[in-house]
Trainee: 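I have a structure I would like to understand better, so I am pasting it below and will then ask my questions one at a time.
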Amino acid sequence: MGRSWRAGGSALIRTGALVAVGAMLRSCVSRLRTLAVLRGQPGVAPLPAKDPWSPRVNPGAGRREQEAKPGCVRGDPRSFSSEVIHMDLSLPNPSWNEDMRLLFDQFMKKSEDGSWKHLPSYKSKFTQRTEDIKIYFPDAKLMKEKLSQAQLFPRSLEEGLGFEYAMFHNCVEDRIVCIFQGGPYLQGAPGFLHGGAIATMIDATLGACAIVAVGVAMTASLNISFKRPIPLGSVVVINSQVDKVEGRKLFLSCNIRSVDEKTVYSEATSLFVKLDPKTRLT
């Protein structure tokens, strides 16, 4: 009787183990399928074939040449893009209002034919490769340690409290559109966005336009005309474009408009300078 009980118990244990393994495998398969479905969905960063932040192969190409190459053909030069896949913070989240979501969906729809491209946005943007960092900094090891804790300023606040935005690049017209919703931590005058917060988003959008055009570049000058205050929590559209390129100098302009485009809140012009790999920044 004892032997029979032990044999039966062993069989039950083996059966239970097999059932558990089978359930675990089914769970893994289900998770993999879910992950495959979620790629490209809100909160999950896609795996792009090429870095959408890389400069175009020929930034001086005319519109006709660009139209012959739809889909924003790009090269693969050095940039400050992160090599690690992080959560894309430019995807919809619960803090976005109806206007923000509607605009995002409209631009994503425009991106289907390749004329527009959604630019992902992460908390950190610097590369982690020491050989890249030491091009611009003499003490690359020390700078790499500092960068490991660095975050992009517009992405440093918690979800919904500060800068909520998404950028889209039009490679045919050589411009970037940013949809922006300012959170409660960006208040200046009661009920309105702080001028510094507006300047931050103008600079960020113009900088993205410059980086996509020629690679790593920095602001040399920025002139802003504030025409109307922007209500806190409202959604605005920032339009930016490259007006002229002279050597390493890029002249850009932008404006901020209401969703219906009837109200102009701000206008700006700027000069960006492409960084020279042969010149240290410090």
Side-chain angles (χ1 to χ4, degrees), residues 40-46 52-53 80-82 85-108 111 116-126 149-169 175-209 211 219 222 224-240 254-268 270:
Q41 296 298 316
V44 181
W53 281 96
F80 282 165
S81 299
S82 174
I85 298 297
H86 299 290
M87 179 176 288
D88 184 357
L89 300 178
S90 66
L91 297 175
N93 67 61
S95 74
W96 286 20
N97 65 25
E98 185 178 352
D99 285 340
M100 188 74 171
R101 290 176 176 274
L102 181 61
L103 280 174
F104 182 85
D105 291 342
Q106 289 175 353
F107 276 100
M108 289 301 290
S111 301
W116 288 86
K117 180 177 285 292
H118 171 238
L119 300 178
S121 178
Y122 311 108
K123 279 188 177 292
S124 178
K125 194 173 178 182
F126 272 86
Q149 299 179 345
Q151 293 185 9
L152 284 179
F153 172 50
R155 293 301 186 190
S156 59
L157 296 176
E158 293 298 320
E159 181 180 291
L161 298 180
F163 302 91
E164 292 294 334
Y165 64 94
M167 295 186 187
F168 295 85
H169 175 235
R175 64 189 181 98
I176 281 181
V177 171
C178 173
I179 55 175
F180 167 52
Q181 176 183 310
Y185 281 20
L186 303 184
Q187 179 175 254
F192 296 96
L193 288 180
H194 193 287
I198 298 171
T200 294
M201 285 311 304
I202 288 176
D203 187 48
T205 306
L206 289 169
C209 202
I211 289 173
T219 314
L222 178 60
I224 303 175
S225 175
F226 297 100
K227 297 183 175 299
R228 290 175 179 271
I230 299 176
L232 199 65
S234 64
V235 176
V236 295
V237 180
I238 308 174
N239 299 280
S240 69
C254 85
N255 62 69
I256 302 181
R257 295 178 178 270
S258 57
V259 173
D260 61 10
E261 300 186 349
K262 294 180 179 180
T263 304
V264 177
Y265 291 108
S266 301
E267 292 179 336
S270 66

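Bear in mind the structure is a predicted one, so any value in this text is a computation, not a measurement.
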Trainee: Please report the closest heavy-atom contact between Ala166 and Ser90, naming both atoms and the distance.
Mentor: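 Heavy atoms of Ala166 and Ser90 come nearest at CB-O, 3.5 Å.
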Trainee: Under the 3.5 angstrom rule, does the side chain of Ser156 hit a backbone N or O of Gln151 as a donor-acceptor pair?
Mentor: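 It does not hold such a pair.
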Trainee: List the atom of Thr263, the atom of Asp260, and the distance in Å for their closest heavy-atom pair.
Mentor: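 Closest approach of Thr263 to Asp260, heavy atoms only: N-OD1, 4.2 Å.
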Trainee: How many angstroms lie between atom CZ of Arg257 and atom CD1 of Ile238, to the nearest 0.5 angstrom?
Mentor: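 It comes to 13.0 Å.
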Trainee: Does the side chain of Thr205 reach to within under 4.5 Å of the side chain of Cys254, using non-hydrogen atoms?
Mentor: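 Result no, sub-4.5 Å side-chain heavy-atom pair not found.
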Trainee: What are the two closest heavy atoms between Lys227 and Val264, and how far apart are they?
Mentor: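 Looking at all heavy atoms of both residues, the shortest contact is CB-O, 3.8 Å.
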Trainee: Hydrogens and angles aside, do Arg155 and Ser121 bring a side-chain donor and acceptor to less than 3.5 Å of each other?
Mentor: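 Present: a donor and an acceptor within the cut-off.
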Trainee: Taking atom CG of Asp203 and atom CE of Met201, what is their separation to the nearest 0.5 Å?
Mentor: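 Here the rounded value is 10.0 Å.
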Trainee: Working to the nearest 0.5 angstrom, can you tell me the gap between Tyr265 OH and Ile202 CD1?
Mentor: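 That separation rounds to 13.5 Å.
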Trainee: May I have the step-by-step check of side-chain contact (heavy atoms from CB on, under 4.5 Å) for Val237 and Glu261, ending in yes or no?
Mentor: CA-CA 8 Å; Val237 180; Glu261 300 186 349; over 6 Å; no
Trainee: Does Arg101 have any side chain to side chain donor-acceptor pair (under 3.5 Å) partners at least two apart in sequence or in another chain, and if so, which?
Mentor: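 Arg101: no side chain to side chain donor-acceptor pair (under 3.5 Å) contacts found.
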Trainee: Hey, does Leu161 have a side-chain heavy atom less than 4.5 Å from the side chain of Pro184?
Mentor: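 Answer yes - side chains close enough.
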Trainee: Specify the closest pair of heavy atoms between Ala199 and Leu222, including all atoms of both residues, with the distance to one decimal.
Mentor: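 Result for this residue pair: O-CD2, 4.3 Å.
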Trainee: Just wondering, do Leu91 and Phe104 contact through their side chains at under 4.5 Å, heavy atoms?
Mentor: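 Yes, side chains in contact.
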Trainee: Is any side-chain heavy atom of Leu186 closer than 4.5 Å to one of Leu157?
Mentor: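 A side-chain contact exists here, since the closest heavy-atom pair is under 4.5 Å.
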Trainee: Between atom CG of Asn239 and atom CD1 of Ile176, what is the distance when rounded to the nearest 0.5 Å?
Mentor: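 The CG atom of Asn239 sits 11.5 Å away from the CD1 atom of Ile176.
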Trainee: Counting neighbours of OH on Tyr185 that are heavy atoms of other residues, nucleotides or ligands and sit closer than 6.0 Å, is the number greater than 12?
Mentor: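 No, because the 6.0 Å sphere around OH of Tyr185 holds 12 heavy atoms or fewer from other groups.
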Trainee: Find the distance between CE (Met167) and CZ (Phe180) and round it off to the nearest 0.5 Å.
Mentor: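 It comes to 10.0 Å.
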Trainee: Show the nearest heavy-atom pair for residues Leu206 and Ser270, with the distance to one decimal.
Mentor: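 Shortest heavy-atom contact: CD1-OG, 3.4 Å.
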Trainee: For the pair Phe168 and His118, name the ring-plane relationship: parallel under 30°, tilted 30 to 60°, perpendicular over 60°.
Mentor: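 Judged by the thresholds at 30° and 60°, the geometry between Phe168 and His118 is tilted.
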Trainee: Quick one: does Tyr165's side chain get under 4.5 Å of Ile179's, heavy atoms only?
Mentor: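 No, every pair of side-chain atoms sits at 4.5 Å or beyond.
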Trainee: Between Asp99 and Gln181, do the side chains contain an N or O donor and an N or O acceptor separated by less than 3.5 Å?
Mentor: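 There is no such pair between these side chains.
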Trainee: For Ile224 and Ala268, work out which heavy atoms get closest and say how close.
Mentor: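 Taking Ile224 first and Ala268 second, the nearest heavy atoms are CG1-CB, 4.0 Å.
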Trainee: What distance separates Trp96 CH2 from Glu159 CD, expressed to the nearest 0.5 Å?
Mentor: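 Spacing of CH2 (Trp96) from CD (Glu159) equals 10.0 Å.
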